[in-house]
Number of protein chains: 2
Amino acid sequence: MAVQPELCRVEDALGILVGKWKPIILLVLLHEGTHRFSELKRRVPGITQKMLTTQLRELEEEDIISRKVYPQVPPKVEYSMTDYGKSLEPILTAMHEWGTAHTLRKMQKVQD
Amino acid sequence: MAVQPELCRVEDALGILVGKWKPIILLVLLHEGTHRFSELKRRVPGITQKMLTTQLRELEEEDIISRKVYPQVPPKVEYSMTDYGKSLEPILTAMHEWGTAHTLRKMQKVQD
DNA sequence: CCGAATCCGCAAGGATACTG
DNA sequence: CAGTATCCTTGCGGATTCGG
């Protein structure tokens, strides 16, 4: 049967994953559990505060991660994957494995 | 074990898939086989010649699709998935399924 | 028929400084 | 500690025109 371009839902999934820092943020939260803002910032070298905030907000918007604020001084905010967000795991894993193979393949070509 | 941000190969896979038209192009070639340029253009409504050319070149560059030129007048060029490109199928399918579920979920929320 | 070449707008990404 | 607020740069995507 013919593919219906209008129903190409791949882009919906892509929209969630795309963003320069989203994959690594999701990988960290998936594999290492809850992190607070500063921990996440240290865990993702090179990211600026603004970008971290932006990406986290976008992921929260889509119910992929949850944000828990502790009303105290100094402030404390924790981020973790939602159950729904965890359903992305197979995709992330598949992409990670494929990406690794792809990189190896490229390196071999360079050797020739 | 801790995730190594530097080794986050998810982005390598993402780099292949990202591009406004790449998912649908790949889906068409995967499910419907070889297409020539003009067929592809008709199959992907809204795409311009430049964009189609650009996206095809990028995919060819990564060995995802192959380009076969028939030296004749008028010109004829056929595009098809390489065996390597076909290895993307599980990812594409997983994303398509997840995307569909995601869209349905969003629609339900709107109803509330 | 299958492009290449050029020009352009806009939004994502980023550097830096400031705040409850 | 966990963010805003502002300004700036870059590059993708798009419209259009020309060529083999």
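- Side-chain contact annotation: A:T82 with A:S66, donor-acceptor N/O pair under 3.5 Å absent.
- Counting only heavy atoms from C-beta outward, the side chains of B:L56 and B:R67 never approach each other to under 4.5 Å.
- Mapping A:T54 and B:R42 onto DNA chain C via the closest heavy atom, the residue that lands nearer the 5' end is B:R42.
- For the pair A:Q72 CD and D:dC1 C1', the interatomic distance rounds to 10 Å; values are reported in whole Å.
- When rounded to the nearest whole Å, the span between CG of B:L52 and C1' of C:dC2 equals 10 Å.
- Between the P atom of C:dC2 and the CE atom of B:M51 lies a distance of 18 Å, rounded to the nearest Å.
- The pair B:E11-A:K20 does not count as a salt bridge, with every side-chain nitrogen at least 4.0 angstrom from each carboxylate oxygen.
- For A:K50, counting side-chain heavy atoms from C-beta on, the closest listed nucleotide (D:dC1, D:dA2, D:dT6) is D:dT6.
- Counting non-hydrogen atoms under 4.0 angstrom, A:K76 reaches the backbone sugars and phosphates but no base.
- As judged by a 4.0 angstrom heavy-atom cut-off over every strand, B:Y79 is placed among residues touching the sugar-phosphate backbone only.
- Distance, B:K22 NZ to D:dC12 P: 9 Å, rounded to whole Å.
- Counting only heavy atoms from C-beta on, A:T53 has its side chain closest to D:dG3 among D:dG3, D:dC1, C:dA4.
- Residue-to-nucleotide contacts include no donor-acceptor pair under 3.5 Å from the side chain of B:K20 to the base of D:dG13.
- For D:dT16, neither phosphate oxygen OP1 nor OP2 lies less than 4.0 angstrom from any side-chain nitrogen or oxygen of B:T48.
- In this structure, B:Q55 reaches the sugar-phosphate backbone alone: every heavy-atom distance under 4.0 Å involves primed, P, OP1 or OP2 atoms, never a base.
- One interatomic measurement links the two molecules: NE2 of B:H35 to C1' of C:dC1, which rounds to 16 Å at whole-angstrom precision.
- Here D:dG13 presents its P atom at 10 Å from CH2 of B:W21, a figure rounded to the nearest Å.
- For the pair A:E60 CD and D:dA2 C1', the computed distance is 14 Å after rounding to whole Å.
- Taking only side-chain nitrogens and oxygens, B:R36 never comes nearer than 4.0 Å to OP1 or OP2 of C:dC1.
- For D:dA2, neither phosphate oxygen OP1 nor OP2 lies less than 4.0 angstrom from any side-chain nitrogen or oxygen of A:R67.
- No hydrogens or angles considered: a donor-acceptor pair under 3.5 Å links the side chains of A:T103 and B:D12.
- With hydrogens and angles left out, the side-chain atoms of B:T53 and B:Q49 include no donor and acceptor closer than 3.5 Å.
- In this structure, CG of B:L40 is placed 10 Å from P of C:dG3, rounded to the nearest angstrom.
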